[in-house]
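Computation of the quantities below employed the complete heavy-atom set of this structure, encompassing side-chain atoms and omitting hydrogens, waters and symmetry-equivalent molecules. The residues of the chain are indexed from 1 along the displayed sequence.
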Amino acid sequence: MVELIIKKRNGLELSKEELKSIIDGFVSGDIPDYQVSAFLMAVFFEGMNSDETANLTDIMMRSGELIDLSEIKGVKVDKHSTGGVGDKTTLVLAPLVAAAGVPVAKMSGRGLGHTGGTLDKMESIKGLSVDMTREEFIDNIKKHNIAVCGQNANLVPADKKLYALRDVTGTVDNISLIASSIMSKKLACGADAIVIDIKVGQGAFMKTVKDAEELAGMIIGIGSKMNRKVIAVITSMSEPLGFAIGNALEVKESIDTLKGNGPQDLTELCLELGSNMLVLGKIAKTKSEAVEILKKLISSGAAFNKFKELVKAQGGDVSVIDNPELLPDTQFSETYKSKNEGYISELNALDIGLASVKLGAGRETKASIIDYGAGIVLKKKIGDYVNKDEVLATLYSNDQLNFQKANEFMDLAYKITKEKPLLKPLILKTIS
């Protein structure tokens with residue numbers, strides 16, 4: 001192991017066999033944390049080439065159970081987002097794409113820190129379960145063309161263990177390690193093709209378009225080497241997606257979007273990602289054709305009905321979807337008002353996300369208990385003109401003491417100027 005650490009420290013390429021010996025030894029406990037930490041730091045500074053990254057992905061993917069979806073007819077297309085604030089895309093996109101005829105086998109995660117988790121949002125629906133066996137998962141997809149569940153504990157244990165070590169050794173922000181972490185999980189879940197939504201901006205993991213393009217190239221390269229088609233869509237996270245931030249609040253906004261009454265940015269993103277999924281799934285030949293199919297599924301009610309079907313299949317109370325006011329609520333609410341007059345030129349997604357965590361909508365630690373009704377509903381976004389004392393957002397919490405903590409982050413989130421800002425596009429680039 002010392003020789004391999006030195007080899008990578010000196011910028012040399014490691015073979016697949018050498019990488020396998022490191023990962024296998026780490027997972028089994030034969031190689032101690034401190035040596036793997038040294039290896040990760042060497043990778044952080046010296047990097048990995050495309051072959052090393054693809055090999056590391058393959059090794060991690062095979063470190064645990066592999067889910068075989070071959071018995072499900074059609075091209076199984078998965079979607080992954082690198083995380084953001086107000087990103088309830090899966091709640092809209094999964095039933096929309098499933099209604100179009102593409103099987104959606106979705107394994108999602110929970111929220112931690114300022115980014116929300118799809119599973120937490122779904123669990124705000126009374127009775128709904130995201131825990132299922134492999135057989136139940138596949139059976140649901142066969143019957144309903146869709147299932148959304150939590151990741152199996154036996155899936156990619158190497159990534160789980162490696163990520164925990166990266167998190168405490170300052171080695172998270174390396175493109176090869178990020179790409180192999182994402183793709184090992186997606187490939188272990190059995191997807192034939194993958195659409196990756198790479199967020200860029202203050203509330204995202206990637207802070208610059210250049211970094212996002214590098215990550216996209218690495219992910220697409222891994223897919224190519226492993227005979228999977230991958231499309232990467234780079235999207236802006238300079239402000240929260242949609243208007244709702246918080247679990248039940250985001251479910252309500254997702255329902256509105258599936259009915260054709262959602263925010264423009266969320267709808268645009270779902271049509272962009274969904275059209276790529278339909279092309280990869282061979283339901284449409286072109287993106288423009290796919291967009292028309294998706295729009296018709298929304299206007300006809302088919303997408304909304306597929307969401308209800310998903311909720312019912314996973315034990316959820318469908319009456320809550322027909323009557324969103326029955327979703328978890330809070331005892332208290334408070335308005336947040338503008339301190340100045342002018343145009344909103346900045347609405348920092350990170351600060352808004354942290355404010356929602358203080359209200360109880362997210363986890364500060366893995367042991368934190370989520371308040372499903374807590375969160376924020378924005379009234380104004382970047383480019384809007386506001387008067388002094390005009391309501392910018394409504395905050396929701398079951399603890400009145402939380403409002404003061406949240407307001408500290410709300411104050412940081414907004415920048416109001418006399419000049420109207422230039423609005424940035426939501427979809428920055430698509431790479432395939």
Side-chain angles (χ1 to χ4, degrees), residues 54 57-58 60-62 64-82 89-109 118-119 122 130-152 154-156 159 179 181-197 219-220 222-233 270-285 287 289-290 293-294 297 302-303 306-307 309-310 313-314 430 432:
T57 304
D58 187 57
M60 292 205 303
M61 177 188 81
R62 297 179 191 282
E65 180 182 321
L66 294 175
I67 296 178
D68 182 4
L69 301 178
S70 60
E71 62 187 277
I72 299 168
K73 293 178 182 178
V75 180
K76 279 71 70 179
V77 184
D78 202 350
K79 164 259 175 191
H80 176 80
S81 169
T82 56
T89 314
T90 294
L91 300 182
V92 179
L93 189 64
L96 178 57
V97 170
V102 175
V104 178
K106 189 83 183 74
M107 287 198 176
S108 294
T118 297
L119 301 183
M122 292 190 69
V130 295
D131 298 318
M132 58 185 80
T133 65
R134 176 190 170 279
E135 290 71 28
E136 288 169 336
F137 182 62
I138 291 173
D139 191 50
N140 270 15
I141 301 161
K142 282 181 175 178
K143 287 179 180 175
H144 309 287
N145 223 32
I146 185 171
V148 180
C149 73
Q151 284 185 347
N152 188 317
N154 298 321
L155 203 72
V156 200
D159 177 65
S181 175
I182 291 170
M183 290 297 283
S184 61
K185 293 192 285 277
K186 291 289 116 183
L187 295 169
C189 289
D192 299 315
I194 305 159
V195 174
I196 306 280
D197 177 9
I219 286 172
I220 290 167
I222 293 169
S224 178
K225 287 176 187 294
M226 302 185 82
N227 298 313
R228 303 295 203 288
K229 288 185 178 178
V230 181
I231 293 175
V233 182
C270 289
L271 291 175
E272 175 68 25
L273 299 175
S275 61
N276 281 304
M277 291 174 78
L278 260 58
V279 170
L280 287 174
K282 298 181 179 177
I283 297 296
K285 290 182 180 178
K287 277 178 64 180
E289 180 191 341
I293 293 171
L294 296 172
L297 290 168
K306 181 59 74 172
F307 183 58
E309 190 181 333
L310 164 67
Q314 296 191 201
T430 299
S432 60

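Applying the salt bridge (Lys or Arg N to Asp or Glu O under 4.0 Å) rule to Glu71 yields the partners Lys142; only residues at least two apart in sequence or on another chain are considered. Scanning for salt bridge (Lys or Arg N to Asp or Glu O under 4.0 Å) contacts around Lys225 gives Asp51, with sequence neighbours left out. For the salt bridge (Lys or Arg N to Asp or Glu O under 4.0 Å) test, no residue two or more places apart in sequence or in another chain qualifies with Arg228. When the salt bridge (Lys or Arg N to Asp or Glu O under 4.0 Å) test is applied to Lys229, no partner is found at least two apart in sequence or on another chain. For Asp131, there are no side chain to side chain donor-acceptor pair (under 3.5 Å) partners two or more places apart in sequence or in a different chain. For Ala188, the side chain to side chain contact (heavy atoms under 4.5 Å, CB included) criterion is met by Met61, Leu66, Leu155, Val156, not counting sequence neighbours.
Scanning all heavy atoms of the two residues, the minimum distance from Ala98 to Asn145 falls at O-ND2, 3.1 Å. Residues Ile141 and Ala105 approach most closely at CD1-CB, 3.3 Å, considering heavy atoms. Of all the heavy atoms in Leu119 and Ser108, the pair that sits closest is CD1-O, 3.3 Å. When all heavy atoms of Leu96 and Ala303 are compared, the closest pair comes out as CD1-CB, 3.7 Å. Pairing each heavy atom of Cys270 with each of Thr89, the nearest pair is SG-CG2, 3.7 Å. The shortest non-hydrogen separation linking Val75 to Pro103 is O-CD, 3.5 Å.
The backbone N or O of Lys76 lies less than 3.5 Å from a partner atom in the side chain of Asp192, making a donor-acceptor pair. Looking at Glu136, its side chain never comes within 3.5 Å of a backbone N or O of Met132 through a donor-acceptor pair. In terms of modelled atom types and a separation under 3.5 Å, the side chain of Gln314 and the main chain of Val148 share a donor-acceptor contact. No side-chain donor-acceptor contact under 3.5 Å links Asn227 to the backbone of Gly223. Ser275 places a side-chain N or O within 3.5 Å of a backbone atom of Leu271 that can act as its donor or acceptor partner.
Of the inter-residue distances, the one linking Lys143 atom NZ with Ile138 atom CD1 reads 13.0 Å to the nearest 0.5 angstrom. In this structure, Cys189 SG and Leu69 CG are separated by 8.0 Å, a value rounded to the nearest 0.5 Å. Leu278 contributes atom CG, which lies 5.0 Å from atom CG of Leu294 (distance to the nearest 0.5 angstrom). Rounding to the nearest 0.5 Å places OG of Ser181 at 5.5 Å from CE of Met60. With values rounded to the nearest 0.5 angstrom, Arg134 atom CZ is found 12.0 Å from Cys149 atom SG. Annotation: the span from Ile231 atom CD1 to Glu272 atom CD amounts to 9.0 Å, rounded to 0.5 Å.
Contact of the Thr118 side chain with the Leu91 side chain is registered, since non-hydrogen atoms from C-beta on lie closer than 4.5 Å. Counting heavy atoms from C-beta outward, His144 and Leu310 have side chains that stay 4.5 Å or more apart. Here the side chains of Pro95 and Ile146 are in contact, with some heavy-atom distance below 4.5 Å. With contacts defined as side-chain heavy-atom distances shorter than 4.5 Å, the pair Val102/Met277 does not qualify.
Looking at Asp159 and Lys185, a side-chain N of the basic residue comes within less than 4.0 Å of a carboxylate O on the acidic one, giving a salt bridge.
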Check against side-chain contact (heavy atoms from CB on, under 4.5 Å), Ile194 and Ile196 = CA-CA 6 Å; Ile194 305 159; Ile196 306 280; 3.5 Å; yes
side-chain contact (heavy atoms from CB on, under 4.5 Å) assessment of Asp78 paired with Lys186 = CA-CA 7 Å; Asp78 202 350; Lys186 291 289 116 183; 3.1 Å; yes
Test side-chain contact (heavy atoms from CB on, under 4.5 Å) applied to Asp197 and Thr82, step by step = CA-CA 6 Å; Asp197 177 9; Thr82 56; over 6 Å; no
Please assess Ile182 against His80 for the test side-chain contact (heavy atoms from CB on, under 4.5 Å), listing each intermediate value before the final yes or no.
-> CA-CA 8 Å; Ile182 291 170; His80 176 80; 3.6 Å; yes
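With 3.5 Å as the limit, one finds a donor-acceptor pair spanning the side chains of Thr90 and Lys79.
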